[in-house]
Amino acid sequence: MTVTQEPETNPIGFGRMQRKEDARFVRGQGNYIDDIVLPGMLHGAILRSPYAHARIKSIDTTAAEAHPKVKAVITGALLETLGLAWIPSLSADVVAVLATDKVRFQGQEVAFVVAEDRYSARDALELIDVDYEPLPAVVDAKRSLDPDAPIIRDDIEGKTNNHIFDWDAGNKEETDAAFAKADVVVTEEMLYPRVHPAPMETCGQISDMNKVTGKLTIWCTTQAPHAHRTIYALVAGLPEHQIRVVSPDIGGGFGNKVGIYPGYVLTVVGSIVTGKPVKWVEDRSENLMSTSFARDYHMHGEIAATSEGKILALRTKTLADHGAFNNTAQPTKYPAGFFHIFTGSYDLEAAYCEVTGVYTNKAPGGVAYACSFRVTEASYLVERLVDCLADELKMDPAELRLKNFIQPEQFPYTCKTGWEYDSGDYPRAMRLAMDIAGYEQLRAEQVEKRARGELMGIGISFFTETVGAGPRKHMDILGLGMADGAEVRVHPTGKAVVRLSVQTQGQGHETTFAQIVAQELGIPPLDIDVVHGDTDNTPFGLGTYGSRSTPVSGAAVAIATRRVRDKARLIAATMLEVSPDDLEWEKGKWFVKGDPSTAKTIQEIALAAHGSMELPEGVEGHLDGSCVYDPPNLTYPFGAYICVVDIDPETLQVKVRRFIAVDDCGPRINPMIVEGQVHGGLADGVGMALMEVIAFDEDGNCLGGSFMDYLLPTSMECPSWELGETVTPSPHHPLGVKGVGESATVGSPAAIVNAVLDAIGVRHADMPLTSAQVWRATEGRPFRTDLAIE
Amino acid sequence: MQVPAPVEYERATSVDDAIAKLERYGPEARLIAGGHSLIPMMKLRLARPEVLIDINDLTDLAYIKREGDELRIGAMARHRDLLESHVAFEYYPIFRDAEEVIADPVVRNRGTIGGSICQADPSEDLSAAFAAVKADMVIQSSSGERIVPNPEFHRGPYTTAVGDGEMLTEVRVAIRPGCGSAYEKVERRVGDWAVTAVGACIQLDGDTITEVGIGLAAVSAQHFRSAGAEDILRGGPATEEQFAAAAAAAAEGCNPSSDQRGPADYKRHLARVLTLRALRRATARARGQEA
Ligand SMILES: Cc1cc2nc3c(=O)[nH]c(=O)nc-3n(C[C@H](O)[C@H](O)[C@H](O)COP(=O)(O)OP(=O)(O)OC[C@H]3O[C@@H](n4cnc5c(N)ncnc54)[C@H](O)[C@@H]3O)c2cc1C
């Protein structure tokens, strides 16, 4: 890994500093959902379907109820009486909490047992007798629309197929015209297979309904506590002021912990039924088999260009596999998320994107996993297509990209599918990455190696992200606008607290947000408490995902802090008996222009604001400020990635030798945290490109339901990352920052795949590029990675 | 958290005590050594023993030593012990090769040699390594000790010659002069089970192969072994042509099936490539050209 170069300091503001939260994490003193124990707490376990598709003929719970330690057995029939058998999904559909009529994917929730301990709850599951009538399943999205495909959603009135939506963006006619006049058109079928966020900590919830006060307290592994509370209020009819959602320390989210899972609702029902707190924490297989997956996009991509390599247009027709319920998380307007940013970093004449969503007998969810709402798929598609074009034109892929980039002076740039890119300098980032890599030497080395029969590949990916959702006029989730609040208060002694709506899952919010306040107010980060993850103690907002915390809440905090500073100026003016206009700000104090020694520090001002001094006209006491930030636009981080692989010519095992990542996410608040985010995302990329996949066999059995089957990369598969940076601030963000949480996950898979295919001289093969798949690719027979290998 | 079904637990104090307990509780009792195979199966409720008999106190079975002209490995030696054993490496570097690619350090710290081969997973690496070196397995019961030569030990996937009321106590490998051995494995990711793995052991007299063993894991080779490839090589010269013919025979003679680790044709391809590599390396070691 890249070693931190600058000495570590305690900056008052932006800069490298150790994460405040790590003191408790490295001592094993984090407080995760499963660490929480309440008096009298009961434990839940979920009975899940062994079938991918089956009619439920009957459920007999008598024996389970007779278990001496079982307190309640909840089935879909009971939920029906409460109106909770189905709940609204995040995408205008419904999701079964417990199956009533049919099970629609392997691992679907069928019954919930509440018992005195988790062992008894698990034992009692085996005492429930479910009579299933198995039905044919469809797990291949490409066959889901066949006339003879089994209809999965017969619960939807009049549904006679597995079609969910058709959606398009861009201009079809202009795109067709650009393709018609092109010298070269390259077409490729690509699958971005189903992968899973696989956070180390699985999902779980404790619900405690206090029958006396009527208050429901929920501890949940959620990335979006406020959204959860409002949804409970809307769906279950519980009064919102009587619900408190607490999100304790979270062991990784990656989008997996955005939505509301049946298990969560079941703990609420379990607590209402038993009058006791009920805890449910899923196991690893439950997490992998039933919670939000990511991707599963079958993409038909086309790229049109002149024979000189000027890219004219892009076109895609994509089949989106949404599983058994359409429960993907994305702004309402965009059923395919932000996939139509597949125009990437290139200046095109036209682009057209068509997406069809379908149901299959697979777990629902989707979009999760560091995806920026499908930018991952989009970026992979365009970066693969550009390489295919380079191959067709026999052009160097770096040169082809440099020839087609949107140029710095073209920003703000509106792409052909409607996104307004805020700022960028793509050639600079690309050249820096090539310099770090020693691109020319690498190509020379490759030529030599090829002559000796050795396989070495160099892969490039240049991505543009679109993050920080988003402007209220365009973006909402379940009708809730995507604006976030922040509150800053300076205590009398000059320490401060900042309250956030967003929720960290390991990204270091307690440090980053303290540094933002520090930068704006001059109070040391260690003197600033960051409060988050508790709806009773924080302002409303939609939570952390899609790299939105710094772009949205970071702006809210900056503005709230500036409001504090403005108020401090008025108070300082009174203290110094001058006009506010005579004061100038220097980090940490207001001083009289031309007389820096006549000054009041923020700490002095805070005490005065709480003291007995007469305050200026119109200024209330105390020192605080707040803001609800409605982002005017998204932000567009970008980066240039270069990967070098060596491949064993006989076994076709891939070794990632080097990975160069130049990221531009605007100014870096804490470069160390940014690098950590990039490292993690790059490792993710290695996983997805080379080993991760959730495949299904013909009967709908999930073939990725444990860590023995679902492989995550280890340090042994990762090279020592070589990072670089350029800084192009966002013009519309108060701090110029753009967000970085997902950049590396979005950008890296294509670089690795491009490198592998470059090494073996094959135009395309689908991820994951296991040695088996690479061998088959060299034989001209790559297999379907989303199905059982035959 | 995955939770096993209810189970009773006892600790054995000696081999005799373990065997007595096995007899007392009958076929629903299981020995537990490192637990790295048994516990995961119990958590998934694929295994539901009624009684676990813990043999971790039988530290007197944790040896790896030379006795006469045999290398002797106690059933309770851990993967890590074998990985780090100088005496094992001196005579059979194949074990270090294999141990370097078995699981991960956490599993190797606990998992035992006895547990591994009694588990008899078709992808088990040590079973292939022991097939290559033609080890003998020592099995004990209340009526005494019996020695089962390697090919007869494995009765099919997950089944061995160890019967009710018996336990494996030791593995014995004859020390052969002029012998070289090596292990080659392809895995999807570090710590994963083999896609295919091959172990080879070659004994040379000058340039003539006097004895040879070829063991294969994860490709459904009968008894983890390629007798056909061994027959081609035995008594002949240690040449590339011979190795190529043996590698082809090893690939031909196994019976891999497709699964998420890879399609059968790839596994068969690997059986050939890895047999060739293992033979080359084993030969180089026999000639003292490589450690
Ligand atoms: C993550 C992971 C990765 C792995 N990767 C690999 C790999 O790459 N290659 C590989 O070969 N293996 C691999 N393994 C398997 C590992 O080598 C075995 O799980 C382990 O070493 C078995 O030994 P144990 O002592 O843990 O056996 P246990 O789990 O304790 O027992 C296994 C079985 O053997 C029986 N048993 C144990 N000792 C005796 C005895 N003395 N006599 C009779 N019966 C006995 C038990 O009753 C049980 O049925 C992996 C395991 C894990 C968990």
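Residue numbers start from 1 in every chain, and the chains themselves are labelled A, B, ... in the order their sequence lines are given, proteins ahead of strands. What you are looking at is a predicted structure, and each value in this text was computed from that prediction instead of being measured.
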Handout entry: Heavy atoms of other groups near A/E698 CD, more than 12 under 6.0 Å
Key =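 No.
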Heavy-atom cut-off 4.5 Å, strictly under: side chain, backbone, both or neither for [X] against chain A?
X	answer
B/D104	neither
B/D192	side chain
B/V195	neither
B/R261	both

Best-contacting candidate, [options], against chain B by heavy atom pairs under 4.5 angstrom:
options	answer
A/T202, A/V281, A/D648	A/D648
A/E779, A/E282, A/M716	A/M716
A/E286, A/Q653, A/Q773, A/M691	A/Q653
A/D697, A/L690, A/L703, A/V654	A/L703

Problem - Spatial distance of atom OG1 (A/T785) from atom CD (B/Q260) [nearest 0.5 Å] - result: 9.5 Å
Practice task
Flag the pair A/D283 and B/K43 as a salt bridge only when some basic side-chain nitrogen lies within less than 4.0 angstrom of an acidic carboxylate oxygen.
Solution key: no
Problem - Side-chain ion pair, A/D709 and B/R188, N-O less than 4.0 Å - result: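 The answer is no: the pair does not qualify as a salt bridge.
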Exercise for the section: Please lay out, stage by stage, how A/T651 and B/R277 fare under the test side-chain contact (heavy atoms from CB on, under 4.5 Å). Expected result: CA-CA 11 Å; A/T651 65; B/R277 288 184 180 182; 3.7 Å; yes
Handout entry: Least distance between heavy atoms, B/R189 atom then A/L712 atom
Key = NH1-O, 2.7 Å
Exercise for the section: Using non-hydrogen atoms and a 4.5 Å limit, figure out which bit of A/P768 sits close to chain B: side chain, backbone, both or neither. Expected result: neither
